Amino acid sequence: MDIDFLKGAKLDEELTVQTTVPEVRRATLTFCQDLVNSEGDVLCRATVKVACVDSEKMKPKSIPKSIQSEILSER
């Protein structure tokens, strides 16, 4: 996870999280997120890499096809 705090938000300010998924691999996904205020200013930018892991073996596991196809259909 990598987060850059670029600018402060105001109390009660309406904020929007804009998310893209630039990379989908067999067992990992990368999310890029921008936190944006109503004026279009990017306040925070984050990159998050997540992995699918077998809960018993604690080893990488393929992302289920249903999840992959849902994410890929939104790109």
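Note that the numbering runs from 1 along the sequence shown for the chain. Source: prediction; values computed, not measured.
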- Query: Heavy-atom distance under 4.5 Å between the side chains of Leu43 and Val36, does that happen here?
  - Reply: no
- Query: Closest heavy-atom contact between Cys52 and Ser62?
  - Reply: SG-O, 3.8 Å
- Task: Grab the two heavy atoms, one from Gln68 and one from Arg26, that are nearest each other, plus how far apart they are.
- Result: NE2-O, 3.8 Å
- Item | Over all atoms of both residues, closest heavy-atom pair of Ala27 and Lys61 | CB-O, 3.3 Å
- Give a yes or no on whether a salt bridge exists between Arg45 and Asp34, defined as a side-chain N under 4.0 angstrom from a carboxylate O. yes
- Message: When you group the ILVMFWY residues by side-chain heavy-atom contacts below 4.5 Å and let the links chain together, are Phe31 and Leu35 in the same group?
- Response: no
- Say whether, by atom type as modelled, one donor and one acceptor occur between the side chain of Asn37 and the main chain of Glu39 under 3.5 angstrom. yes
- Val21 versus Leu29, closest heavy-atom pair with distance: CG1-CD2, 4.4 Å
- Answer whether the closest heavy-atom distance between the side chains of Thr19 and Cys32 falls below 4.5 Å. no
- Message: Membership question, hydrophobic clusters at under 4.5 Å side-chain separation (ILVMFWY): are Ile67 and Leu72 in the same one?
- Response: yes
- Message: So Gln33 and Val17, do their side chains get closer than 4.5 Å, heavy atoms only?
- Response: yes
- Task: Taking all heavy atoms of Val42 and all of Lys7, pick out the closest pair and write down the distance.
- Result: O-CB, 4.3 Å
- Here the pair of heavy atoms bringing Ile3 nearest to Met1 is CD1-SD, 3.6 Å
